[in-house]
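What follows is one structure encoded as C-alpha cells, with my remarks underneath.
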Amino acid sequence: SEEDHDANESKIAKAKKDLKRTSKTKFEEYLEMEMPNSDMLAQEDLELEKKLAKKLKVKGGKLRGDDDGLNILFEGFSDEEAVNHSSSKKRKKKKSVQQAIKDDIGDDSTIEASEGEEYSETTVVEIPVNAPSQKRRKKRKSLLQGQESDMVGETALSVTPHSECHNAEVASGEISTKALGMESSGKYVAPHLRSQTKNESEEQTRMRRRVRGLLNRLSESNVESITGEMATIFRSVSRSVSSQIISQEVLASCYNGPRGNEQHAAVFAAFIAGMASLVGVDFSAKLMALLAKIFEEEYLKEDNLSLRNLTLLLSYLCIFGVCSCDLIYDFLIMLSKRLTEIDVSTILTVLQCCGMKIRGDDPVAMKNFILCVQNRVNELKALSGDGEAKINGKRMEFMLETICDIKNNKKKPKEDTVQHTRIKKWLQKLRVEDILIRGLKWSKLLDPDKKGQWWLPGDIASATDNVEEVANSIDKEALEAQKMLELAAAQRMNTDARRAIFCVIMSGEDYIDAFEKLLRLDLPGKQDRDIMRVLVECCLQEKVFNKYYTVLAAKLCEHEKNHKFTLQYCLWDHFKELDSMPLLRSMHLAKFMAEMVASFTLSLAVLKTVEWSDPQMLSPKKIMHFRMLFEAIFEYPDKVIWNMFTRIAVTPELETLRQGMEFFIKEYVVKTNKKVNDKFKLAKKALNNTEGVLM
C-alpha cells in the first residue's frame with residue numbers, strides 16, 4: 001500500500017541520515033588512526049577543562065591559550081576535533097625536541113617507545129598527512145611490529161646508539177640511568193658505595209647486600225643472633241675481603257645514623273666486640289683503623305653529625321672492651337692540642353660517654369690530659385681577639401667544668417640499662433677480655449705503612465726491620481723460657497698445665513698482662529683449678545711478700561666465681577699444714593689472707609674450719625699464724641675493719657665462728673699487743689652489729 005511505501009521510504013531516509021551523521025571525514029579517520037583512544041582522551045580533556053574553568057571562574061566556561069592563528073580553520077569542527085588538533089600540535093612539538101636529541105647523539109640513532117604503550121603522543125615517527133593511504137597503512141603496520149619486538153618496558157624513552165659509540169654518554173639534555181645512580185642491571189646504588197661496587201665481583205656484591213640487610217635489622221634485642229649470622233658470612237670468603245666489606249658497611253650505617261644517638265652507637269659497638277670475639281681481634285683492629293681514617297676525612301669537612309657518631313662509637317668500643325683507655329687518651333690529647341670548636345665538642349662527647357671509666361682505668365693519664373688542656377687554654381688566653389673568644393665560649397666553659405668534675409670525682413658514672421647489662425653478660429661469655437687491644441695510638445691507626453700484626457704491642461717483626469735484632473730478641477726469649485721451665489721443675493710443677501701457669505704468672509709484666517695470658521691458656525676440663533694453687537704456691541715461695549699475687553688473685557676471682565671456691569679449698573689445705581710449715585711461709589700465708597679479706601674477695605668466714613674452742617687443736621704454730629693474721633687485719637683503717645667483721649655478723653650459722661674469733665683475739669692478740677686494743681673493741685662491736693650496717 002501507499003502508506004507502507006511511505007513508511008519504508010521514511011525509514012530508509014532516516015537510516016541514510018543516521019549513516020551520514022556517523023560517517024567521518026578522511027581527516028577524522030586519520031586522527032583516529034594516529035590516536036586510537038582519542039575519543040576517551042578528548043572526553044577526559046573536556047571534563048578537566050570544565051572543572052578548571054569552574055574553579056578559575058573563566059568566562060564562557062572555556063580555557064583558551066594564546067591564539068596561534070589556526071583556530072579559524074577549526075571553527076566548524078566539534079570540541080573533540082579541536083582537542084585532537086591540540087594533541088597533534090603537542091605531538092609535533094615533542095617530535096621536534098626528540099629530533100634535537102637525536103641530532104646531538106648521531107644521525108643513525110633510533111628512538112623507541114615503551115613496550116605495551118599504545119601509539120599515542122609519545123610516538124616519535126610522524127606519517128605525512130598527504131601520503132597515500134596504502135603507504136600510510138604499511139608504515140603504521142611496520143612500526144607496530146617493531147614496537148612489539150624491540151620495545152623495552154623499563155623506560156618510556158630510550159636511546160640506542162650504534163656499536164661504535166655504544167659506551168658513549170648521552171647529551172646533557174637526556175636523563176640517563178647513570179645520572180640517576182643506576183647500575184646496568186637497573187638497581188639503585190647509594191652514592192658513597194658506587195666506587196666500591198665497580199671493582200667488586202658479583203659474589204662480593206651479594207655479600208655486601210646481605211650484610212647491609214642484617215645491619216639494618218640490628219638492635220639491642222637481636223644483636224646476639226645477628227652477630228652469629230654475620231660471623232658465618234665472614235667465614236664464607238677470605239678474611240681480608242670480609243673484614244673490608246663488613247667494616248665499611250658498619251661504619252656507613254653508624255656515622256650516618258641518628259644525631260647523637262648513644263643507643264645506636266652502643267649496639268654497633270657490642271656487635272663489633274662480639275664479632276672480634278668470634279672471628280678474631282684483627283677484625284676490630286682493621287675496623288678501628290678505618291674509623292680513624294673516616295674521622296679525619298669528616299673532620300676536614302666539618303661534619304659535626306658524623307664526627308659525633310664516630311666519637312660515640314669509639315667511646316663505646318672502649319666501654320665494651322674492644323680497645324683500652326690508651327687509645328682514648330691519645331685521641332683526647334691529639335684533640336686538646338688544637339682545641340678548636342669541633343675539638344671541644346668531640347672531647348665533650350668522649351668525657352660524657354666514658355670519662356669516669358677511663359679515669360678509673362688510668363688516673364695518671366687523665367692527669368696528663370688535664371695538664372695538656374690547661375696548657376692549651378693558657379696559650380689561647382695569651383692570644384688576642386680570636387683566642388679570647390674561644391676561651392669565653394659556652395661550650396669551652398662547659399668542657400672545662402666537665403673536666404673539673406671528673407678530676408674531683410664529682411661526676412657520677414652512667415648506670416647500665418637492662419639491655420646493656422644483658423649484652424655485657426653475653427660478651428663475657430664470649431671471653432671479650434681476650435680481644436682487648438692495648439697500647440694503640442691514634443697515629444698508628446692512621447699510619448698507611450702498617451705491617452704485620454700492627455695492633456699487637458709486642459709485634460717485633462713490624463716494629464723493626466733489622467733481622468739481627470729480631471733474631472737476638474727471639475734467642476733471648478727462648479733462653480728465658482728455658483730458664484723458667486727449669487725453675488718450674490724445681491718448684492715441683494709436675495704437669496704441663498702447672499708449668500704453663502707458672503711461666504705465665506712469673507713472666508707477666510703486670511697483673512693485667514698475667515691475667516690476660518692466663519685466660520688465653522684455655523685449659524681443658526678442671527685444669528683451671530691449678531691456677532689458684534700455683535698462684536698461692538708462688539706467693540709462699542717468695543723471700544719477701546709481694547702484693548702482685550693478691551691483686552692477680554682478686555682479679556681472677558672477680559672474673560670467675562669458681563676461682564674463689566678453689567682459693568678457699570686451697571687455703572683450707574694449707575691450714576692443715578701449719579704445724580709443719582716454715583715461719584716465713586706461714587707469715588706470707590697470713591698476709592695473703594689478710595689482703596684477700598680486706599679487698600672483700602673473701603670473707604672471714606673462710607676461718608670457719610678452724611677449731612677455736614679446742615685448746616688442744618691450737619698448736620703454737622697455729623696460734624702464731626692466726627695471731628699474725630689478725631695483727632695484719634688490724635693494720636687497716638677503721639672503716640675497712642668494721643666492714644670486714646660486719647660481713648659475718650648477720651649470718652646466724654657463723655655464731656660459733658664469731659665467739660671463737662673473739663676469744664682468740666682477746667687471749668692471744670690483745671694480751672701480747674696492747675696497741676690493737678682499740679681495734680679489737682671496734683671489731684667486737686662490728687661482730688655484734690646484727691643489722692649489718694656498713695660504714
Problem - With Lys674 via side-chain hydrogen bond (donor to acceptor under 3.5 Å, both in side chains) - residues at least two apart - result: none
Completion exercise
With sequence neighbours left out, the residues meeting side-chain hydrogen bond (donor to acceptor under 3.5 Å, both in side chains) with Asn546 are none
Exercise for the section: Test Leu445 against Trp455 for side chain to side chain contact (heavy atoms under 4.5 Å, CB included), laying out the working first. Expected result: CA-CA 9 Å; Leu445 294 177; Trp455 55 87; over 6 Å; no
Taking all heavy atoms of [X] and all of [Y], pick out the closest pair and write down the distance.
{"X": "Ile437", "Y": "Ala285", "value": "CD1-CB, 3.9 Å"}
{"X": "Leu430", "Y": "Gly274", "value": "CD1-CA, 4.0 Å"}
{"X": "Ala231", "Y": "Met275", "value": "N-SD, 3.7 Å"}
{"X": "Ile435", "Y": "Ala273", "value": "CD1-O, 4.3 Å"}
{"X": "Gln527", "Y": "Ala497", "value": "OE1-CB, 3.4 Å"}
{"X": "Glu537", "Y": "Arg585", "value": "OE1-NH2, 2.9 Å"}

Working to the nearest 0.5 Å, report the span between [atom1] of [X] and [atom2] of [Y].
{"X": "Met288", "Y": "Ser247", "atom1": "CE", "atom2": "OG", "result": "10.5 Å"}
{"X": "Thr601", "Y": "Met593", "atom1": "OG1", "atom2": "CE", "result": "12.5 Å"}
{"X": "Leu519", "Y": "Lys517", "atom1": "CG", "atom2": "NZ", "result": "12.5 Å"}

Exceeds 12 heavy-atom contacts within 6.0 angstrom, atom [atom1] of [X]:
{"X": "Lys608", "atom1": "NZ", "value": "no"}
{"X": "Lys450", "atom1": "NZ", "value": "yes"}
{"X": "Arg529", "atom1": "CZ", "value": "no"}
{"X": "Met624", "atom1": "CE", "value": "no"}
{"X": "Lys357", "atom1": "NZ", "value": "yes"}

Practice task
Taking the six-membered ring for Trp and the single ring otherwise, decide whether the centroids of Phe592 and His588 are under 6.0 Å apart.
Solution key: no
Practice task
Could you tell me if the ring centre of Phe626 sits under 6.0 Å from that of Phe575?
Solution key: yes
Exercise for the section: Over 60° means perpendicular and under 30° means parallel, so classify the ring planes of Tyr668 and Phe663, tilted if in between. Expected result: perpendicular
Problem - Plane angle bin for Trp572 and Tyr569 - parallel if under 30°, tilted between 30 and 60°, otherwise perpendicular - result: perpendicular
Problem - Lys NZ or Arg CZ of Lys679 over Phe634 ring: under 6.0 Å, within 45° - result: no
Practice task
Go through the side-chain N and O atoms of Asp405 and Thr402 and say whether any donor and acceptor fall under 3.5 Å apart.
Solution key: no
Problem - Expected output: side-chain Asn688 to main-chain Lys684 donor-acceptor under 3.5 Å - result: yes
Handout entry: Sequence-distant partners of Glu595, side chain to side chain contact (heavy atoms under 4.5 Å, CB included), two or more places apart
Key = Phe545, Lys547, Thr550, Tyr636
Salt-bridged, [X] to [Y], with N to O below 4.0 Å?
{"X": "Arg438", "Y": "Glu516", "answer": "yes"}
{"X": "Lys441", "Y": "Asp326", "answer": "no"}
{"X": "Lys671", "Y": "Glu667", "answer": "yes"}
{"X": "Asp573", "Y": "Arg533", "answer": "yes"}

Exercise for the section: For Ile648 and Met661, run side chain to side chain contact (heavy atoms under 4.5 Å, CB included): C-alpha distance rounded to whole Å, both residues' side-chain angles, the deciding distance at 0.1 Å, then the answer. Expected result: CA-CA 11 Å; Ile648 63 172; Met661 286 174 53; 4.0 Å; yes
